[in-house]
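Each residue takes its place number in the sequence, starting with 1.
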Amino acid sequence: MHLYKEKGQIYMPDNCGPLIESWKSGKIAMEAWGRFNYPGCAIQQDALPGLNSIGYWDARIQQQWGLDWHRNEGIELTFLETGLMPFELGANKYQIRPNELTVTRPWQPHKLGDPFIGVGRLHWLILDVGVRHPHQEWVWPEWIVLTKNDLGDLTKILRQNEQPVWQVNEDIRKCFQKIGGLLKGGYEGKESLVMVYINEILVHLWNILKSGNFHLNDALTQGARTVSIFIDSLNTSLIEPWTLEAMADHCEMGNTRFSHYFKELTNVSPIQYLNNIRVEAAAKLLRSNPNLSISTICYDCGFSSTEYFSTVFKKRFNCSPSSYRLQSQ
């Protein structure tokens, strides 16, 4: 599995397990090409550089599966040709309708299904633009042929505006349909045409976006946003052996820059903040699980030793973990 330094459950790339199982069992039709753990015909290393996954599924009966919270290894475009599709991004829920396109970035957790996907035909495309965090500069595959200015403007809109759902036109619909017709039987001899249609999709998307009425927010591309997203995810990865260096490296920043943004957002150092949320999680377990040993709670919350755990806990609650448990009963 290709992790790209990602840690914790919500950072894991989508393994498409439910989709693959439904396809194998004949519940849906699907054609796809993909790298890594993405479904379909495997794309060889030297072919279609930057294209991680492309395909469609066609669900004509009610399904009993969905794609739970995940992130992708690239920017993902999904286009709904027919049907209805429940879609969630962050705390927001949507009902995708025909001729609507979703755009998600690698750092945005999202899911399809509520909890199950709807009946319909859905196309997807995942392009690796060399980023995993909001502050990083995008590097498109070399075969993207938009002019430097147009590609720069398209990138700026996609970076500084995170509207997830767009109504698109018949031109984009036709491009996805043409790609779908090429996917069956492998990619050999079809690469150039797929590249042409992906470029055409981006040109049409650029024309739609540049005429839109929306606000660009430069803060969405700053280092503070990357650190803010990391802070929000820390509760899901307490057990990781985090150090200042590991946290900064995860965000692909230097220690000083990372610490600056972190303290600006939380008013404490990264290690202080980490200890605070670890000890709060431990206190919750001490209250709710009277039969769980203190050493188990210590390690489950990410502390490396019971001695250090007791020191941090006493500093926060003015008593030892065992005393806190007795007082909570």
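Between L286 and I297 the shortest side-chain heavy-atom distance falls below 4.5 Å. Between H215 and Q160, the closest side-chain pair of non-hydrogen atoms is not below 4.5 Å. Using a 4.5 Å heavy-atom cutoff, the side chains of R35 and Q45 are not in contact. Looking only at side-chain heavy atoms (C-beta outward), W65 and L112 stay at 4.5 Å or farther from each other. You'll find the side chain of D232 reaches within 4.5 Å of the side chain of S228, heavy atoms only.
Within the 3.5 Å criterion, the main-chain N or O of T256 finds no donor-acceptor partner in the side chain of S259.
By the 30° and 60° cut-offs, the orientation of the rings of Y324 relative to F317 is tilted. The aromatic rings of F262 and F230 sit perpendicular to each other, their planes meeting at more than 60°, with 30° as the lower class boundary.
Side-chain rings of F176 and Y56 stay apart, their centers remaining 6.0 Å or farther from each other.
Residues V203 and V194 fall within the same hydrophobic cluster, defined by Ile, Leu, Val, Met, Phe, Trp and Tyr side chains chained together at heavy-atom separations under 4.5 Å. In terms of hydrophobic clustering, with Ile, Leu, Val, Met, Phe, Trp and Tyr side chains grouped at heavy-atom distances under 4.5 Å, M195 and L205 are assigned to a common cluster.
For the residue pair W57 / S22, no side-chain donor-acceptor distance below 3.5 Å is found, with atom types taken as modelled. For the residue pair W33 / S53, no side-chain donor-acceptor distance below 3.5 Å is found, with atom types taken as modelled.
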Could you go through the side-chain contact (heavy atoms from CB on, under 4.5 Å) check for W138 and I75 one step at a time? CA-CA 10 Å; W138 291 23; I75 181 172; 3.5 Å; yes

Apply the test side-chain hydrogen bond (donor to acceptor under 3.5 Å, both in side chains) to residues E280 and N276: give CA-CA distance (whole Å), side-chain angles for both, the deciding distance (0.1 Å), then the verdict. CA-CA 6 Å; E280 290 291 343; N276 288 343; over 6 Å; no

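Counted within 6.0 Å of NZ on K190, heavy atoms from surrounding residues, nucleotides or ligands total more than 12; the atom is thus considered enclosed. Atom CD of E188 has more than 12 neighbouring heavy atoms from other residues, nucleotides or ligands inside a 6.0 Å radius. No more than 12 heavy-atom neighbours from other residues, nucleotides or ligands sit within 6.0 angstrom of CH2 on W23.
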Taking only distance into account, with no hydrogens and no angle test, what donor-acceptor pairs under 3.5 Å do side-chain atoms of residues 93-106 form with protein atoms, sequence neighbours excluded?
residue, atom, partner, partner atom, Å
N99, OD1, R173, NH1, 2.8
E100, OE1, R97, N, 2.9
T102, OG1, T78, OG1, 2.2
R105, NE, L158, O, 3.0
R105, NH1, V103, O, 3.2
R105, NH2, L158, O, 2.9
R105, NH2, N161, O, 2.7

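The pair R257-E252 does not meet the salt-bridge criterion, since no charged nitrogen lies less than 4.0 angstrom from a carboxylate oxygen.
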